[in-house]
Student: 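Below is the structure I would like to discuss, written out as structure tokens.
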Amino acid sequence: MSAAWRIDAADFADPRLIALIHHHLSEMRGFSPIGCAHALDASDLRAPDVDLFTVSEGEALLGMGALRRIDDGEVEIKSMRTHPDHLGRGVGRHLLEHLITEAARRGARRISLETGTGPVFEAALHLYRRRGFEPGPAFAHYAPTGFNQFFHLPLIPA
């Protein structure tokens, strides 16, 4: 991680962010069976129960990730994405730590995520497993399929 990296609340007026959201949606829809891509578009990411964060270095947008409140004790990670120009630099790991810390600060007892199956998802799965996320049951509004996977990490509220 670079000391020059900063994490901010998303600025939806930033065209770089909108382009990254579109890239994320395009890939998730392209690598997921019909009806199995649960990525949020820009309007969904603006919902009152979602907080989107960005990682930047100078003028470069490195990545994004969101927390969506499920209930008072659980939050969900959404829209984790490193910009393609910055893969392999630890952006995802840095952002994941921020999201976990923020969830605990907000009093969450568990942080969960839904993701897909296949080679394109392996880097993210490795990151989540290495951080201690464990496979588990479907949560919130999700229904299990042969494609999606669910992971959970218990938290100690701050």
Student: When rounded to the nearest 0.5 angstrom, what distance separates CD1 in I7 from OG1 in T54?
Tutor: 8.5 Å

Student: Hey, does L17 have a side-chain heavy atom less than 4.5 Å from the side chain of L52?
Tutor: yes

Student: Can you tell me if T145 uses its side chain to pair, donor with acceptor, with the backbone of F147 under 3.5 Å?
Tutor: yes

Student: Show your reasoning for whether salt bridge (Lys or Arg N to Asp or Glu O under 4.0 Å) applies to D8 and R6.
Tutor: CA-CA 7 Å; D8 298 300; R6 65 179 193 284; 3.1 Å; yes

Student: A quick test of your reading: do over 12 heavy atoms of other residues, nucleotides or ligands sit less than 6.0 Å from CG of D85?
Tutor: yes

Student: First locate atom CD of E102, then atom CG of L67, and finally report the distance between them rounded to the nearest 0.5 Å.
Tutor: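 Interatomic distance, E102 CD to L67 CG, rounded to 0.5 Å: 6.5 Å.
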
Student: After noting the C-alpha distance and the side-chain angles of R106 and D51, does the key distance pass the salt bridge (Lys or Arg N to Asp or Glu O under 4.0 Å) rule?
Tutor: CA-CA 12 Å; R106 294 176 182 195; D51 293 298; 2.6 Å; yes

Student: Quick one: does F150's side chain get under 4.5 Å of P144's, heavy atoms only?
Tutor: yes

Student: What are the two closest heavy atoms between L25 and L40, and how far apart are they?
Tutor: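 It is CD2-O, 3.6 Å.
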
Student: Do you know which two heavy atoms are closest between L125 and G116, and how far apart they sit?
Tutor: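 Between these two residues, the closest heavy atoms are CD1-O, 4.1 Å.
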
Student: Search all heavy atoms of E74 against all heavy atoms of S112 and return the closest pair with its distance.
Tutor: OE2-OG, 2.5 Å

Student: Any side-chain heavy atom of R81 within less than 4.5 Å of one from H23?
Tutor: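 With C-beta onward as the side chain, the pair touches.
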
Student: Do the side chain of H86 and the main chain of A60 share a donor and acceptor less than 3.5 angstrom apart?
Tutor: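 Here the side-chain-to-backbone pair does not exist.
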
Student: Of the non-hydrogen atoms in V91 and L62, which two are nearest, and what is the gap between them?
Tutor: CG1-O, 3.7 Å

Student: With the threshold set at 4.0 Å, does a side-chain nitrogen-carboxylate oxygen contact exist between D71 and R69?
Tutor: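 Judged by the 4.0 Å cut-off on N to carboxylate O distance, D71 and R69 do not form a salt bridge.
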
Student: How many angstroms lie between atom OG of S56 and atom CG of D14, to the nearest 0.5 angstrom?
Tutor: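 The distance works out to 7.5 Å.
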
Student: Would you call E57 and R89 a salt bridge, using N to O less than 4.0 angstrom?
Tutor: yes

Student: How many angstroms lie between atom OG1 of T115 and atom CG of L113, to the nearest 0.5 angstrom?
Tutor: 6.5 Å

Student: If hydrophobic clusters are built by linking Ile, Leu, Val, Met, Phe, Trp and Tyr wherever their side-chain heavy atoms come under 4.5 Å apart, do L61 and F12 end up in the same one?
Tutor: yes

Student: Name all pairs fulfilling the ring pair (Phe, Tyr, Trp, His ring centres under 6.0 Å) condition that reach into residues 26-78, sequence neighbours left out, sorted by first residue then second.
Tutor: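 As it turns out, the ring pair (Phe, Tyr, Trp, His ring centres under 6.0 Å) pairs with a partner in residues 26-78, which skip direct neighbours, are H38-Y142, F53-H98.
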
Student: Taking a hydrophobic cluster as the set of Ile, Leu, Val, Met, Phe, Trp and Tyr residues connected by side-chain heavy atoms closer than 4.5 Å, whether directly or through intermediates, do L99 and L20 fall within one such cluster?
Tutor: no

Student: Can you name the closest pair of heavy atoms from E76 and I70 and give their distance?
Tutor: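 Result for this residue pair: CB-CD1, 3.8 Å.
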
Student: Sequence neighbours excluded, which residues qualify as side-chain contact (heavy atoms from CB on, under 4.5 Å) partners of A108?
Tutor: V75, A103, L155

Student: Side-chain donor-acceptor pairs under 3.5 Å in residues 127-136, sequence neighbours left out?
Tutor:
residue: R131; atom: NE; partner: E97; partner atom: OE1; Å: 3.3
residue: R131; atom: NE; partner: E97; partner atom: OE2; Å: 2.5
residue: R131; atom: NH2; partner: E97; partner atom: OE1; Å: 3.4

Student: Check whether any side-chain heavy atom of F121 lies under 4.5 Å from a side-chain heavy atom of H126, and answer yes or no.
Tutor: no

Student: Using modelled atom types only, decide if a donor and an acceptor are shared between the side chain of N148 and the backbone of A37 within a distance under 3.5 Å.
Tutor: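 The answer is no, because no donor-acceptor pair under 3.5 Å joins these two groups.
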
Student: So, applying side-chain contact (heavy atoms from CB on, under 4.5 Å) with M64, which one of M80, K78, H24 is it?
Tutor: H24

Student: Does some side-chain heavy atom of L96 sit less than 4.5 Å from a side-chain heavy atom of I77?
Tutor: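 Yes, their side chains come closer than 4.5 Å.
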
Student: Which atoms form the tightest heavy-atom contact between V50 and L45, and what is the distance?
Tutor: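 In this case the closest contact between V50 and L45 is CG1-O, 3.6 Å.
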
